[in-house]
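Shown next, in structure tokens, is the structure this report addresses.
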Amino acid sequence: MSILEGLNPQQLEAVTLPHQSALILAGAGSGKTRVLTTRIAWLIQTGQIGPLSVMAVTFTNKAAREMLTRISAMLPINTRGMWVGTFHGLCNRILRAHYRDAGLPQTFQILDSADQLAVIKRVMKAMNVDDEKYPPRQAQNFINSAKEQGLRAAQVDAPDDFSRRLLTVYEAFEAQCNREGVVDFAELLLRCYELLGRNELLRDHYRGRFRHILVDEFQDTNRLQYHWLKLLAGPNNTIFAVGDDDQSIYAFRGAHAGNMLDLERDFGIEKVIKLEQNYRSHGNILDAANALIRHNRTRLGKNLWTSEGGGEPLRVYQAMTDIEEAAYIVDEVRQLHNEGVALSDMALLYRSNAQSRVLEHALFSAGISYRVYGGLRFFERQEIKHALAYLRLTANPDDDGAFLRVVNFPTRGIGNRSLEQLQEAAAGRGISLWQAACANTPSGKAGASITAFIQLIEAMRKACENLPLPEIVDHVVATSGLIAHYQTEKEGADRIENLNELTNAAAAFVGQDGPITLISAEGEIRSEGLDPLNAFLAHAALEAGEHQAGEGADALQLMTVHSAKGLEFHTVFISGLEEGLFPHENSVSEQDGPEEERRLMYVALTRARRRLYLTHAQTRMLHGQTRYNVPSRFFDEIPDELLKRINTTKFSGFVAAKGYEAGSKARAPMVETGASGWRIGQSVVHPKFGAGVIVNAEGRGSDARVQVNFRDAGLKWLALDYAKLVAA
DNA sequence: TACCTCCACGTTTTT
DNA sequence: CGTGGAGGTA
């Protein structure tokens, strides 16, 4: 059977495009992964290129695995040798192969975000930077966003004192990382970009090899990733990019959907192919999504359609409280489950994680099994981090982060003062803590403890020299004292289990990267395998692992809308559809904020195949106080005929004006302002700000102020004596 | 060193 | 409301 069979005309056109760069505008559920993988298979099957000439780039490891699986299913070839991976994974591969040219030690370690933040904190402390005035998180953002624009500290523009200070932190951070032989995520990309930029030999080698570069989720690329792709493509290779500007929801972390337009221009793409036939959802769902996203001004333009029928209308449920909202969802889930829909084929989505608590509580009480995405992942667990730190020290003793993490864990009598001495000695001589500890062993008890620690690590390293990877992990975990430590802890059993699981993870990890091309200065090419321990440590940093166990079980899926991207379910509940929550209040005033929120809603809607619930609550407990929320503006952006209002809860005037049945006012305390008669929860109209709802009040008499949540203007405090508020 | 209390904070997140 | 970090005390 031909791999091209069953493709629609647009998919076929994209797959069989002649040797030229292309931009595929692929709507939700339009078969973009299929197009991407079939394109690769077709190029190889027709003999146009060999597997070695393909590079496919994704954002997540999951997507990369999925792609490899699908290619293997289509072609009887070995997919090793094909470079399919994440931006970071591929950059890591290149940097490992050319560590010397990249100015890195062979055993360089990768910092995850938490590791990076720890280094920044350490550096800031050493520089005496006030962390009240300069929050380390902000310094981290500053550094990462600079790197994502391809900027080294020397190239960053710092117009004011504040950014000048952050810039010095950036400089010191870079210096520290170089001393330790560690790189953060952004650094992997920037290093690789710089390496290929200045080393012609390497650049030509990779350009000669990767004739076809395919990119998934192109709308999520940042500027640096775009320039990296451009550099790798050079003048002769082609980029096949698949993306959807309407699903660009990661601008806050540097994603730049404008890269799609740049690609068109820079690569002379004459015709953008649009995949608009949707194979996922029924018509009403798509009509709703199309109608909603039409409210965005900056779009490339696209309209999803299906050959299937309209299906059910979208169900709208308006609850009085968040608790009642949860109860309704529980009832519906239970009923659908009884009707035969698997729990795992239903998703409960929310804008922010804080919303999950009430929902979880209701599900738990009802005995419905559920799974929450997000939170700690396997390689991020404390005990795993500790074990990895021991492993990292045996591979690269200069890794100060790893040193500090375990030098006194389990406790071995190395207190703060001896560590401070050590840090001073290291900083003074510009060496690592390990080197400082080796160089001048302090006398006395503390000195002996440090010496013992050094000997412990040295012994580990020697013992592991010729062991296979799983045994290395086993040995290090056993001799580190971690197991013994957790045995004395009350909650230690799970941690010990995880540590044992780490050995299994090591056993399951067989250097997936295979041999790596090396180019010496003379230009000769040879191959070398990567040392398994370092490969495993890189893997641990680059792929933090599954969120939680129990993925096999049939359970309702709870997650943020962001993490739902790319997934699909028979039934989807979108909860908390209220102004201030979704769209989120912080986004309303942001540049491009409202449009990004709308794209987020678009993503949420298009997750559903058959049934979609949109719910909101009038009253919600948030940050310890009750908030009164207006229904989300998104309800107004979906045609009424697509919506089916489940209930006719009595709402006050403002809501009634939007199509709900008018009725009695919500019971809420009178604002204590004497005779004013305003109520919390009451709908009001302001001459300038328009319609809103009173959500809070304070003061009395002439000082009385009310807080109003306006549809368009957001939250505002108004003095009742001055503001010309009118009851709606 | 370990535990406890207090305080501040609270969008989205992969690598 | 609930959590996580920091700082203080036993």
Counted 5' to 3', the first and last nucleotides of DNA chain C within 4.0 Å (strictly under) of a heavy-atom of chain A are C:dC1 to C:dG2

Send over the distance from A:D184 CG to B:dT15 P, rounded to a whole Å.
-> 16 Å

Expressed in angstrom and rounded to an integer, what is the separation of A:R377 atom CZ from B:dT15 atom P?
-> 5 Å

Please lay out, stage by stage, how A:H88 and A:F59 fare under the test ring pair (Phe, Tyr, Trp, His ring centres under 6.0 Å).
-> CA-CA 8 Å; A:H88 296 84; A:F59 278 87; 8.4 Å; no

Length of the OH-C1' vector between A:Y373 and B:dT13, whole Å | 16 Å

Which of these nucleotides, B:dT15, B:dA2, B:dT13, is closest to any side-chain atom of A:N61?
-> B:dT15

Kindly write out the residues that satisfy salt bridge (Lys or Arg N to Asp or Glu O under 4.0 Å) with A:K385, not counting sequence neighbours, or none if the list is empty.
-> A:D112, A:D115

Is the ring centre of A:Y250 under 5.5 Å from the base ring centre of B:dT12, and are the two planes under 30° apart, so that they stack?
-> no

Quick one: is B:dT12 close enough that its OP1 or OP2 comes under 4.0 Å of any side-chain N or O from A:N586?
-> no

Are A:R412 and A:N408 linked by a side-chain donor-acceptor pair shorter than 3.5 Å?
-> no

Euclidean distance, atom CG of residue A:D112 to atom P of B:dT14 [Å, nearest integer] | 12 Å

Any ion pair linking A:R299 and A:D245 (charged N to carboxylate O, less than 4.0 Å)?
-> no

Residue pair A:Y226, A:H256: steps toward the ring pair (Phe, Tyr, Trp, His ring centres under 6.0 Å) verdict = CA-CA 9 Å; A:Y226 179 67; A:H256 180 67; 8.6 Å; no

Aromatic-base stack, A:H88 on B:dT15, cutoff 5.5 Å, angle under 30 = no

What's touching nucleotides 3-6 of chain B from the protein side, N or O pairs under 3.5 Å?
none

If only side-chain N and O atoms of A:N222 are considered, is one of them under 4.0 Å from the OP1 or OP2 phosphate oxygen of B:dT15?
-> no

Out of B:dT13, B:dT15, B:dT11, minimum distance to the side chain of A:N353 belongs to B:dT13

Sequence neighbours excluded - salt bridge (Lys or Arg N to Asp or Glu O under 4.0 Å) pairs with any residue from residues 572-583 of chain A | A:E578-A:R620, A:E579-A:R633

Taking the side chain of A:H584 as its heavy atoms from C-beta onward, which of B:dT1, B:dT13, B:dT11 lies nearest to it?
-> B:dT11

For B:dT13 versus C:dG4, give the span between their P atoms, rounded off to a whole number of Å.
-> 16 Å

Below 3.5 Å is the cut-off: list the nitrogen or oxygen pairs between protein and nucleotides 7-10 of chain B, distance only.
{"unit_1": "B:dG10", "atom_1": "N3", "unit_2": "A:H623", "atom_2": "ND1", "d": "3.2"}

Does some side-chain heavy atom of A:L577 sit less than 4.5 Å from a side-chain heavy atom of A:T615?
-> no

Of all residues at least two apart in sequence or in a different chain, which pass the side chain to side chain donor-acceptor pair (under 3.5 Å) check with A:Q219?
-> A:E217

C:dG5 to B:dT12 separation - P atoms, rounded to the nearest Å = 16 Å

Among the candidates B:dT15, B:dT1, B:dT13, find the nucleotide nearest to the side-chain atoms of A:N408.
-> B:dT1

When you measure from the side chain of A:T411, which nucleotide among B:dT15, B:dT11, B:dT1 comes out closest?
-> B:dT1

For B:dT13, does either OP1 or OP2 sit under 4.0 Å from a side-chain N or O belonging to A:T560?
-> yes

Would you call A:E596 and A:R599 a salt bridge, using N to O less than 4.0 angstrom?
-> yes

State, without any angle test, whether A:E325 and A:S575 hold a side-chain donor-acceptor pair at a distance under 3.5 Å.
-> no

Could you walk me through whether A:L542 and A:T86 pass the side chain to side chain contact (heavy atoms under 4.5 Å, CB included) test, one step at a time?
-> CA-CA 9 Å; A:L542 290 175; A:T86 63; 5.8 Å; no

